[in-house]
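First listed ligand is number 1; within each ligand, the first listed atom is number 1. Because only heavy atoms are used, hydrogens play no part in the values below, and waters and symmetry mates are left out as well, while side chains stay in.
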Amino acid sequence: MTSAVPAVAKVTADPASRVFRLDGGGVTYALGVDDKGYLQPLYWGSSLAANDPLVSTDPVKTGDPVLVKAPGELSGFDPAGSVTLQEFPGQGEGLVSDPGIKAIFADGNRDLVLKYRSHRVDGETLYVELADIRRPLTVTLRYTIDPDTGVLARSASVRNGDRRAVRVDQIASAVFTLPVGDDYRLHYLTGRHAAEWTKKEVGITPALTVLESRRGSTGHGNNPYFAIGKDGLTTEEHGPVWYGALAWSGSFRISVGQDNLGRVRIMTGYNPYDFSWSLKPGETLDTPVFYAGYSTGGLGAASRTFHTFEQAHIVPGGQKARLRPVLYNSWEATAFDVTEAGQEALAEKAAKIGVERFVVDDGWFGARNSDKAGLGDWTVNPTKFPNGLKPLIDKVYTLGMDFGLWVEPEMVNVDSDLYRAHPDWVLNYTGRPRTEGRNQLVLNLARQDVRDHLLGVLDRLVTQNDVAFLKWDYNRNWTEAGWPGVPVADQQRVYVQYVGNLYYILSELRRRHPKLEIEACSGGGGRVDLGIIGLTDEVWPSDNTDPADRLMIQDGFTQVYPVSVMMAWVTDSPNWANTRATSLDYRFLSSMQGGLGIGANLDKWQAEDFTTARKWVAAYKTIRETVQRGALYRIDPPSNDNASSATMYVSQDRRQGVMFQMLHSSMWRDNPAAQHPQGLDPAQVYAVRVLGGGALPDGVPARASGAYWMEHGLRAPLKGDFVGTAFVFEVAQ
Ligand code: DGJ
């Protein structure tokens with residue numbers, strides 16, 4: 001963490017040395033123009049002094065303290081173009097690593113060599129323009145650095161200044177370089193439906209590691225995020241970490257590997273798979289922003305710094321964003337069987353346990369009695385809601401909750417009025433099969449008529465009903481990604497234009513309905529990235545609601561994204577995903593580590609379940625701000641080979657801390673080991689209590705200094721399987 005550094009961002013361009021620097025939040029990022037005109041990356045790490053010499057990190061040149069030099073050919077097999085380190089290389093001149101951009105000109109030329117042309121500093125943004133050595137094709141790189149966290153925002157755009165179209169087959173948002181080393185380790189997140197956010201770690205070698213989605217959306221697999229540490233140096237609490245995430249909700253590609261000289265190259269951006277963009281004369285193609293940070297405090301500090309940045313600059317409303325209300329959703333309880341009477345009965349029960357938002361999930365519209373029909377027809381089902389939604393909505397507000405509705409705007413069932421009227425509106429290739437997923441097809445949102453139709457539908461839905469919240473779902477991946485109706489040369493724009501129009505609808509809805517909140521869901525965590533997080537208020541990380549699996553899911557999710565947007569429901573036991581049976585207490589303790597929701601069938605609950613739930617919901621409200629907005633410490637992360645785990649949340653002013661201890665399974669006759677709180681102020685005296693009430697374990701004093709708690713730790717007397725507890729530390733008055 002780099003908080004001792006004053007919050008100023010400085011962008012400097014030295015005309016003599018042609019070195020550009022961004023300084024902020026304890027981080028320096030530097031690049032410079034070499035003697036042959038190539039733009040070279042020079043440095044990314046802890047703050048350097050203002051006059052420190054910055055020279056190329058390239059090992060084949062001799063250091064020159066002022067001017068950055070380009071190397072010559074290394075051998076016949078390694079021409080100069082393949083050994084010159086470039087900040088954003090074009091594919092040409094013998095480049096053998098992943099390019100920043102690859103293009104084909106109308107005459108068949110595929111050689112693209114980018115050199116520095118100009119730069120400007122506009123406020124806190126650095127723009128560097130590169131141009132091909134012969135053709136009028138320019139690439140502009142944009143850079144800013146956040147003064148508080150040192151998080152860089154980078155993107156690129158390409159402009160065709162020629163009189164003929166140029167086909168762009170690949171363009172990155174940013175390319176990063178780390179100095180030569182065989183000891184780098186890549187940390188990433190991967191998974192699949194109901195098993196997202198699995199942490200993985202591999203060594204970085206010349207064998208390229210590719211994290212990508214080819215699915216049209218972010219996907220449940222690899223998330224567009226990386227963190228790189230050093231073998232033996234980087235741990236949860238210590239050591240260097242370079243990390244970042246792409247703000248893009250479509251197909252993406254991040255490649256990481258050593259280049260021909262052992263330097264680490266990281267390419268991030270649109271996925272070139274099945275993509276091309278025929279750039280018309282005078283046209284510009286932009287790329288999404290890649291946010292990248294550096295930390296010296298290990299993976300823990302890296303995530304905390306990134307969370308701080310995301311909460312301030314990505315999440316709508318920033319620091320003023322509303323805390324996540326406690327939500328009820330009956331999807332797991334009733335599935336498509338939603339009716340006015342049934343939902344009203346559930347709403348009454350939910351209100352009694354302190355729920356603040358009642359959400360009607362799938363099944364309320366069209367002929368939607370199963371997943372086979374109705375998707376696309378966003379009118380209230382008259383059999384289920386003979387009086388429309390108004391009586392239910394009024395009841396929900398009377399009960400003191402606000403009202404939310406599920407939608408899946410981008411999809412259509414073949415058995416729907418919308419598809420019968422507009423079979424041409426879906427992604428398809430003429431005369432080819434239209435593969436269904438969950439009996440549905442994907443509307444081609446890249447089309448303007450589809451975009452306008454969906455915006456109209458959603459706008460009317462929110463205007464005509466008192467809807468405070470939309471759960472926006474997306475339940476399949478693309479198959480035949482065709483776009484007949486536009487010239488062949490433009491059809492593969494679909495990968496970019498689809499997501500652009502999705503963002504347009506979300507922004508426009510928010511503009512027209514400033515109080516509306518939106519949850520991004522894609523069969524769980526299939527579309528979670530900084531692009532969607534920037535336009536929604538919360539995300540649904542997984543359809544897997546098993547409380548033990550969920551601890552690992554939450555641990556993976558929060559490596560990158562903040563708790564403030566991560567929803568977590570208490571559902572029925574045994575869980576649908578794995579039939580594991582757990583107590584209601586354990587389920588609450590797991591879900592209270594995010595934005596708390598309840599998804600259980602309240603019609604089946606006994607009186608004691610309501611008492612238990614009321615207790616935990618009230619307890620959650622006393623720690624909600626700390627959990628959602630505080631600093632997250634992974635004291636002992638949950639994993640399959642760890643019998644117990646501990647996670648701590650500390651409020652921004654460090655006046656409250658909450659440590660959750662969860663026991664997966666008891667071994668022998670032992671209590672789990674003592675867990676040591678982190679992040680408290682050592683000099684303050686904190687009183688401790690058990691969350692939800694109950695006696696402190698034997699030997700635990702009622703109050704002590706932050707130093708005591710952190711040094712001494714606490715040993716919770718947990719026995720059995722799937723049990724837990726939480727200790728709340730509050731500055732003693
Ligand atoms: C998938 C979501 O993840 C679930 O929570 C639920 O909304 C269903 N879709 C409804 O079809």
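One finds no salt bridge joining Asp377 and Arg368 here, because no Lys/Arg side-chain nitrogen approaches an Asp/Glu carboxylate oxygen to under 4.0 Å. Using a 4.0 Å cut-off between a side-chain N of Lys or Arg and a carboxylate O of Asp or Glu, Asp459 and Arg512 qualify as a salt bridge.
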One line per pair, note the atom names and distance for all nitrogen or oxygen contacts under 3.5 Å between ligand 1 and the protein.
from	atom 1	to	atom 2	distance (Å)
ligand 1	3 (O)	Gly524	N	3.2
ligand 1	3 (O)	Asp543	OD1	2.4
ligand 1	3 (O)	Asp543	OD2	3.2
ligand 1	5 (O)	Lys471	NZ	2.8
ligand 1	7 (O)	Asp361	OD1	2.7
ligand 1	7 (O)	Asp361	OD2	3.2
ligand 1	7 (O)	Trp406	NE1	3.1
ligand 1	7 (O)	Lys471	NZ	3.0
ligand 1	7 (O)	Asp473	OD2	3.3
ligand 1	9 (N)	Asp473	OD2	2.7
ligand 1	9 (N)	Asn475	ND2	3.4
ligand 1	11 (O)	Asp362	OD2	2.6
ligand 1	11 (O)	Arg438	NH1	2.9
ligand 1	11 (O)	Arg438	NH2	3.0

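A donor-acceptor contact shorter than 3.5 Å links the side chain of Ser416 to the backbone of Tyr419.
In this structure, Asp609 has no salt bridge (Lys or Arg N to Asp or Glu O under 4.0 Å) partners at least two apart in sequence or on a different chain.
Judged by the 6.0 Å and 45° rule, Arg253 forms no cation-pi pair with Trp248.
When each of Tyr270, Trp478, Tyr273, Phe275 is tested with Tyr495 by the rule ring pair (Phe, Tyr, Trp, His ring centres under 6.0 Å), just one qualifies, namely Trp478.
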